[in-house]
Amino acid sequence: MEVELIYFKSSGKYYSEGQYETNREHMFQIFDEVKEMRDQGKLPGLRDGSRGYHILVTVPEHPQEYPGLIPL
């Protein structure tokens, strides 16, 4: 499934977007996966791998899809 990430600056303004494929089954696992990628500086859509952004996570293809916001 494709995970869509939208990044926002601390002010709340839009910054960037990124996508990646996951094999995780549950939304909470996907949110944890995004947090791990953030901690490792490997988020798609960010050139510098920065961790200083709020991240909106969506998975449109997931049967129980609901958005998640991961704060700074």
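By the 6.0 Å contact criterion, CG on Asp39 is enclosed, its count of non-hydrogen atoms from other residues, nucleotides or ligands being greater than 12.
Residues Pro60 and Glu2 approach most closely at CD-O, 4.1 Å, considering heavy atoms. For Leu46 against Ser16, the heavy-atom pair with the smallest separation is CD2-CB, 4.5 Å. Across Met37 and Pro44, no two heavy atoms sit closer than the pair CE-CD, 3.5 Å. Across all non-hydrogen atoms, the minimal contact from Glu65 to Val59 is CG-O, 2.5 Å.
Side-chain atoms of Val3 and Glu21, non-hydrogen and from C-beta on, never get closer than 4.5 Å to each other.
Rounding to the nearest 0.5 angstrom, the gap separating the OG1 atom in Thr58 from the CG atom in Leu69 is 11.5 Å. Between the CZ atom of Phe8 and the NZ atom of Lys13 there is a distance of 13.0 Å, given to the nearest 0.5 Å. Distance check: Glu25 CD to Gln64 CD gives 10.5 Å after rounding to the nearest 0.5 Å. Put simply, CD1 on Ile30 and NZ on Lys35 are 13.0 Å apart, with the number rounded to the nearest 0.5 Å.
The only member of Gln29, His62, Met1 that meets side-chain contact (heavy atoms from CB on, under 4.5 Å) when paired with Arg24 is Gln29. Between Ile70 and the choices Leu56, Leu5, Val34, the side-chain contact (heavy atoms from CB on, under 4.5 Å) rule is met once, by Val34.
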Go through it in stages, so that I can follow the logic: the residues are Lys42 and Tyr20, the test is side chain to side chain contact (heavy atoms under 4.5 Å, CB included), and I'd like the CA-CA distance, side-chain angles, deciding distance and then a yes or no. CA-CA 11 Å; Lys42 296 182 178 180; Tyr20 74 95; over 6 Å; no
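Linking ILVMFWY side-chain heavy atoms closer than 4.5 Å, directly or via other members, places Phe31 and Leu43 in a single hydrophobic cluster. Hydrophobic clustering (side-chain heavy atoms under 4.5 Å, transitive across Ile, Leu, Val, Met, Phe, Trp, Tyr) groups Val57 together with Tyr66.
Relative orientation of the Tyr15 and Tyr53 rings is parallel, given thresholds of 30° and 60° on the angle between their planes.
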